[in-house]
Structure formats: structure tokens, C-alpha cells
There are 2 protein chains.
Amino acid sequence: MGSSTAVSHRTQAQRFAAFKDALRERSLKSTSQRDDIARVFFANDQHISVEELYREVKRVNPRVGYATVYRTVRLLRECGLAAERHFHDGEARFENVEEEHHHDHLICERCGRIVEFANDAIERLQEQIAARLGFVITRHKMELYGLCAECRSGRTPHAAAKRESRVSRT
Amino acid sequence: MGSSTAVSHRTQAQRFAAFKDALRERSLKSTSQRDDIARVFFANDQHISVEELYREVKRVNPRVGYATVYRTVRLLRECGLAAERHFHDGEARFENVEEEHHHDHLICERCGRIVEFANDAIERLQEQIAARLGFVITRHKMELYGLCAECRSGRTPHAAAKRESRVSRT
DNA sequence: ACTGGATTGAAAGTGATTCTCATTTTCGTG
DNA sequence: CACGAAAATGAGAATCACTTTCAATCCAGT
Ligand SMILES: [Mn+2]
Ligand SMILES: [Mn+2]
Ligand SMILES: [Zn+2]
Ligand SMILES: [Zn+2]
């Protein structure tokens, strides 16, 4: 098994403070909706869809509207606090961003499990290829789809998608 | 510059014949719509959207409907003759498939140019990472987004997306 | 040619996301 | 604290890519 480095991240409170700062910097207003949505988002360590986030937020504050959740995740993205991912289930998913902690994804097509990994050798090769073809890369997406060990072993007919949250450095 | 290997592909006629064979194998019917759509698709060497394909086909045969283009492109995919790509402009794009000629993409975010490349070292690393995490990969997607040389040089304000069709092996 | 099942196209339906706009809220200023 | 302009909200309409529906049409095996 790869060495699972439990990287030390900012706390939820720190992220929330960063969000409030970002609002102030941009002269945007603090609202209870934004606060509630951001708090729920920062408390989540998975790849959450807007629908899921909406439902979670509703439990804390049933007054928030769908549109506001969409607007707030976009805002979080623009503030560099959220990353938008598009796996293959049709809906966008968002995850907390730790700068300097880029990672890619391995996705089980059967159970939906998502494993995160980071590999410097690949990142370097990507830069080389781009340079050779005259490009400067601003971002990239790499997703590996397949079957996890558990699913291949025949067990867990339709195991609920349990997501790993540790990034394996390889 | 990477060695641009102009890989010898099947001709349009060969692809068309393969399509007809695939129809027969599956006991599907040959129709003028399917033929026209397939012919236009095989004549195209870019990453074409359904909308674009629809417009091209309309010029050959104005009687084809939108739904049939969608259905036929799905059929081509199922026959292994087309690959579906999702870059970041919201619509699916399809390209001709040459088996044993997997490649990935480098996309200019300014002019839309798409450069294809294949890199065995990366492919091997992907397998290694997956194996280490217990996965068996069935497919993957790797897209590098950035700026091409021309766009960085300031020229070509909004150059029409001219696509390269040679896969650079690196 | 006959005929049953496959195919087609126009239009309606979907699902995710964005927009509209009337109403409410925030926050700097007096 | 009270104002008021500007920003934010939310319900629902709109959009966009894509799929489904279904009556009419076409294909292919006999
Ligand atoms: Mn992730
Ligand atoms: Mn390609
Ligand atoms: Zn699995
Ligand atoms: Zn460019």
C-alpha cells in the first residue's frame, strides 16, 4: 500500500475565516446563507454535489434557495477555496482546496469509490510534453477509471460509495 | 519538436465498410441516414460536436433529424469506431478511433487548438499507481489545458481553432 | 410483393445549471 | 440608530445539451 500521508490542512475555522476575508477583500456582503453554506461545505471532506450540499444546508437553515447554493459554490471556487470536479455521473462535484496540494483521482466504476493520489513524476512528464509542443499548462485533469480491489473480489454487490480522503503520494 | 508520426490509419472507405459490417453483426438495419452520418463522420479528422456533425450532414441530406445524429454517434461509439470526449465547452465531441492508438489531449484555452499526444511513460505510471491502490484501470482521461505558443506570443487575437491531427509520440 | 420489427423525426421531456426580478438584507454614512 | 443605495436572495422561468416518445416510414428476410 502507498504511504498515506495525512497532510496537515487548515481547520474548518481557518477556512471559514479565509472565506470571510475573501468576502471583505471583494466588498461582498456577509449573509447568513453564505455563512451556512460555507460552513457546511468546509465541514465536508468529500466530493460533494450541489444537490447534496443543498440538502445538508437545508437541515441547518431551511430558508436557503437552490440558486444561492449554486452562487455560493461558484464564489468559493473563485476565492480558491473550492475545486470543481466533473467525474462521470453528470453533476459537478466540489471539494475543499488546499493550495500546494494538487491531486488527481482514481474512480471505481462499480461502487463509486474515489481515491485521491498525487504523483510528481507524472506531473513533470506532463510539463515536459507540453513544453515540447509549445504549450504552457495552466491546469490539467487526470482521472483513472476502473475497478477497486473490493469490487473485483466479487463482494459488496452495490456497496455505498465510501470515499477515501487521504491523498496517496506515490 | 516531438517526432510527429503520421500513423497509417484505415481509409474512410475501410471505416465505412467496418461500420456496415458492425451493423450486420448486430442485425441492425442499414439506412441512408446512418450511411450519410457515418460517411460525414469518417471524413472528419477533428473533434466534432454533434451540432457540427448535424450541420455537415444536413448539407448532404437535409432530411436527417437531430435525434438520429445523436443515435448514430452513440452507435458508432458502441461499435468502437468513435470516441467521445468532454473538453470544457459543455458539449460532447467525437473523434475517429484507431484501435491501439490511444492518445490524450493538450488544449489551448485561448484559441481552442487541440494537440494530441501519446506518452508511454505516463501510461505506465498510471498503471503502477492504480495497482498500488488496488485498482485495475479500464479507461482514463488526461487533458492538459494551457496556452499554445502562438497565443502566448500575443498574435492571433481570436484565431479560429485550427486542430492538429497528428499524434505526437513522446 | 408482404410484413413485422427496426428506424426515423418532430416535438415533448429531462436534468443540471443559470437567469430574472420582485422582495429582502446588508452596511457605510449622517 | 436611521437611511438608502447597492447587493443578495429565492421561486420559478429559462436555457442547454441530450434523450425519449410515438406515429409514420423503411428495411430485409421470406
Ligand atoms: Mn479530490
Ligand atoms: Mn483526439
Ligand atoms: Zn469499487
Ligand atoms: Zn492558442
Side-chain angles (χ1 to χ4, degrees), chain A residues 19-41 47-79 82-95, chain B residues 19-41 47-79 82-95:
Chain A
F19 177 58
K20 299 293 258 186
D21 288 349
L23 289 180
R24 223 166 290 122
E25 276 168 35
R26 287 149 208 254
S27 322
L28 297 177
K29 294 179 176 171
S30 266
T31 66
S32 66
Q33 289 88 331
R34 283 179 173 164
D35 286 1
D36 291 337
I37 295 166
R39 250 189 289 265
V40 171
F41 176 72
H47 303 84
I48 194 171
S49 70
V50 177
E51 171 73 32
E52 288 161 356
L53 182 54
Y54 173 71
R55 279 204 300 273
E56 295 281 312
V57 171
K58 273 275 177 182
R59 306 200 321 200
V60 170
N61 177 353
R63 314 176 51 74
V64 301
Y66 221 91
T68 301
V69 178
Y70 268 100
R71 291 190 274 239
T72 304
V73 291
R74 182 202 292 152
L75 180 56
L76 287 163
R77 169 160 52 66
E78 287 164 4
C79 294
E84 185 171 351
R85 308 286 188 180
H86 290 91
F87 303 138
H88 278 169
D89 55 355
E91 56 193 340
R93 293 179 173 277
F94 293 82
E95 66 177 321
Chain B
F19 176 57
K20 299 293 258 187
D21 288 348
L23 288 180
R24 222 165 293 121
E25 275 169 34
R26 288 150 207 256
S27 326
L28 297 177
K29 295 180 176 172
S30 267
T31 66
S32 65
Q33 290 90 328
R34 283 179 173 165
D35 286 1
D36 292 335
I37 295 165
R39 250 190 289 266
V40 171
F41 176 72
H47 303 82
I48 195 171
S49 70
V50 176
E51 170 73 34
E52 288 162 357
L53 182 56
Y54 173 70
R55 279 204 302 272
E56 295 279 312
V57 172
K58 273 273 175 183
R59 305 201 322 203
V60 171
N61 177 355
R63 315 175 50 73
V64 300
Y66 221 89
T68 302
V69 178
Y70 268 99
R71 290 191 273 238
T72 303
V73 110
R74 180 201 294 151
L75 180 56
L76 287 163
R77 170 160 53 67
E78 287 164 3
C79 295
E84 184 172 351
R85 308 286 187 178
H86 290 90
F87 302 138
H88 277 169
D89 57 354
E91 54 192 341
R93 292 179 172 278
F94 292 82
E95 65 178 321

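Below, chain A is the first sequence line, B the second, and so on; all start at residue 1.
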Calculate, to the nearest 0.5 Å, the distance between atoms CZ and CD1 belonging to B/Arg93 and B/Ile48 respectively. 8.5 Å

Base contacts versus sugar-phosphate-only contacts with protein, heavy atoms under 4.0 Å: please encode nucleotides 10-19 of chain C as B, S and - from 5' to 3'. B-----SBBB

In this structure, how many angstroms lie between the P atom of D/dT9 and the CG atom of A/Asn61, rounded? 11 Å

Atom pair CZ (A/Phe19) and CZ (A/Arg24), whose distance is rounded to the nearest 0.5 Å: 11.0 Å

Is the closest side-chain heavy-atom distance between A/Leu28 and A/Leu75 below 4.5 Å? yes

Determine whether B/Val73 and B/Ile37 make a side-chain contact, defined as any pair of heavy atoms from C-beta on separated by less than 4.5 Å. no

Separation of D/dA17 P from B/Glu52 CD (nearest whole Å): 12 Å

Taken to the nearest 0.5 Å, the spacing of A/Phe94 CZ from A/Arg74 CZ works out to 9.5 Å

Between side-chain atoms of residues 55-66 of chain A and protein atoms elsewhere (two or more places apart, or another chain), which donor-acceptor pairs fall under 3.5 Å?
from    : atom 1 : to      : atom 2 : distance (Å)
A/Arg55 : NH1    : A/Glu51 : OE2    : 2.8
A/Lys58 : NZ     : A/Tyr54 : OH     : 3.3
A/Lys58 : NZ     : A/Pro62 : O      : 2.9
A/Asn61 : OD1    : A/Arg63 : N      : 2.9
A/Asn61 : ND2    : A/Asp36 : OD2    : 2.8
A/Tyr66 : OH     : A/Glu51 : OE1    : 2.4

Once you round to the nearest 0.5 Å, how far does SG of B/Cys79 lie from CG of B/Asp21? 10.0 Å

Among residues 23-36 of chain A, which residues get a heavy atom nearer than 4.0 Å to DNA chain C? A/Lys29, A/Ser30

Flag, side chain of A/Arg34 to backbone of A/Lys29, donor-acceptor distance under 3.5 Å: yes

